[in-house]
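Notes follow the structure.
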Amino acid sequence: MTDPTGDVLVFWGPDFGELERTDPEIADVLLGELDRLRGGLQLIASENLTSPAVLAALGSTLSNKYAEGYPGHRYYGGCAEVDRAENLAIERARELFGADHANVQPHSGASANLAVYAAFAEPGDPILAMSLPHGGHLTHGSKVSFSGRWFNPIPYHVDKRTELIDYDEVRDLALAHRPRIIVAGATAYPRLIDFAAFRQIADEVGAILWVDAAHFIGLVAGKAIPSPIPYADVVSATTHKVLRGPRGGMLLCRAEHAKAVDKAVFPFTQGGPLMHSIAAKAVAFKEAGTAEYQSYAAQVTANAAALAKALESAGMRAVSGGTDTHLALIDIRGLGITGADAERRCDLARITLNKNAIPYDPAPPMLASGIRVGSAALTTQGFDEHDMAQVGALISRAARAEPTSDAGARELAAVAADVHALLGHRRAYPR
Ligand code: DSN
């Protein structure tokens, strides 16, 4: 397989030749995905490009090992080496985030969140969390998830005018419903969350404060935004977004909750931990503890702000007027198209982003009135604010091009060529 510049694509793993011989179809998928990453702009706010070191740990023989339990207390023998990996991951996470306790076993963000419910709530308990269409998450009480079926979700919202969390409403709902857990955290909220305000409300009603930091934990690691750790009883997170580690989850909590959290992960909701993934999390925590990563995190927020500004200059509207984080939520109704249209058109121009509901969205979720863009991956590739202004212009051109017309198709091809030129030598995973 060759890429558009004629370079032969190679995978950096020592055993790729073996995979090509054993399973050429899957080998081809891996090369195709590498080609996709190298040839386009990745703007999905929950994705990033891990380091080759993280990928090496993920592709290791630690994948073979069963290790139910925790370091020093496993149900199987032969765990000395994986114990070292998990202890390193735990210690690095605790140090990176200044947390009393870390559990690095959750397989994903949703698994970490399931464990929070298991540790702190009983079926039927009221849970106060951000409404999904206002930026929350499926596991924060959606009826299609265990969280909405087994618990009693009470949604809070953003203010219609400011599009910021309505803390008065959060407090009123907390006083009225006395939730067992209050959840702070979202997947499409571009602004900082006032953790102190949430703590105060939780204390007032005797609730557990759970911060779902899946999206922004990498910015916390890089000290680009304030940390929820001093305020929360428990913090759930993913390791693969701005944090740039392997796909996976983690939990951080106060010492008093350590036992409950560990038991909730294993044996209550999970079996054997994924030791290759835990080793890769350890690598990512080490990388995130460097000065270089701190500069990266600061650049991520600067780049997201620059992109939001560029999209506004191109006739779109940034929800809440901008962003403080790695993501921006963009209302594109001014272009006369849906979020789904924009997603499809950008995809044809090798720009990957997702449609997203905006607060009080009149459109159904599968069409949506907005797009969500994130700066984590492009910042990993070395993009700065000037580049992001160009990315904004490319998104605008692609979104305005009607792909079924000849002129639109030509424009999308021209944007794809400009994407390639903008990437230049900054392609993902260079040889
Ligand atoms: N799917 C993730 C996101 O894109 O935000 C959240 O689970």
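Order of appearance sets the numbers: ligands from 1, and atoms from 1 within every ligand.
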(message) What protein heavy atom lies closest to atom 5 (O) of ligand 1? Include the residue and the distance to one decimal.
(response)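 Checking every protein heavy atom, the shortest distance to atom 5 (O) of ligand 1 gives H215 NE2, 2.7 Å.
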(request) Tell me which protein heavy atom sits closest to atom 3 (C) of ligand 1, plus the residue, atom name and distance to 0.1 Å. (result)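 For atom 3 (C) of ligand 1, the nearest protein heavy atom comes out as S46 OG, 3.3 Å.
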(message) Measuring from atom 7 (O) of ligand 1, which candidate in K241, H240, H137 has the nearest non-hydrogen atom?
(response)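 Minimum heavy-atom distance to atom 7 (O) of ligand 1 goes to H137.
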(message) Could you tell me if R426 sits above the aromatic ring of F383, with its cationic atom closer than 6.0 Å to the ring centre and no more than 45 degrees from the axis?
(response)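 The answer is yes, since R426 meets both limits relative to F383.
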(request) Report yes or no: is the cationic atom of R92 (NZ for Lys, CZ for Arg) closer than 6.0 Å to the six-membered ring centre of F97, at no more than 45° off its axis? (result)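 R92 over F97 ring: no.
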(request) Give a yes or no on whether the backbone of L138 and the side-chain of S147 come within a donor-acceptor separation of less than 3.5 Å. (result)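 Yes, because the side chain of S147 sits within donor-acceptor range (under 3.5 Å) of the backbone of L138.
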(request) Ignoring hydrogens, tell whether any protein atom lies closer than 4.0 Å to atom 1 (N) of ligand 1; use the non-hydrogen atoms only. (result)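 It does not; no protein heavy atom is within 4.0 Å.
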(message) With respect to T187, determine whether any N or O atom, backbone or side chain, lies less than 3.5 Å from an N or O atom of ligand 1.
(response)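 Between T187 and ligand 1, no N or O pair is found under 3.5 Å apart.
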(request) Give a yes or no on whether a salt bridge exists between R36 and E33, defined as a side-chain N under 4.0 angstrom from a carboxylate O. (result)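 Yes.
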(request) For A306, enumerate each residue passing the side-chain contact (heavy atoms from CB on, under 4.5 Å) test, keeping only those at least two apart in sequence or located in another chain. (result)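 Listed in chain order: E385, M388.
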(message) Below 4.0 Å from ligand 1: does a non-hydrogen atom of E47 turn up there or not?
(response)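 The answer is no, since E47 has no heavy atom less than 4.0 Å from ligand 1.
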(request) Would you mind listing which atoms of ligand 1 come within a distance below 4.0 Å of any non-hydrogen atom of R372? (result)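 Those of ligand 1 that fall under 4.0 Å from R372 are 3 (C), 4 (O), 5 (O).
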(message) Within this structure, what is the OG1-CG distance for the pair T325 and L219, rounded to the nearest 0.5 Å?
(response)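 Reported value, rounded in 0.5 Å steps: 6.5 Å.
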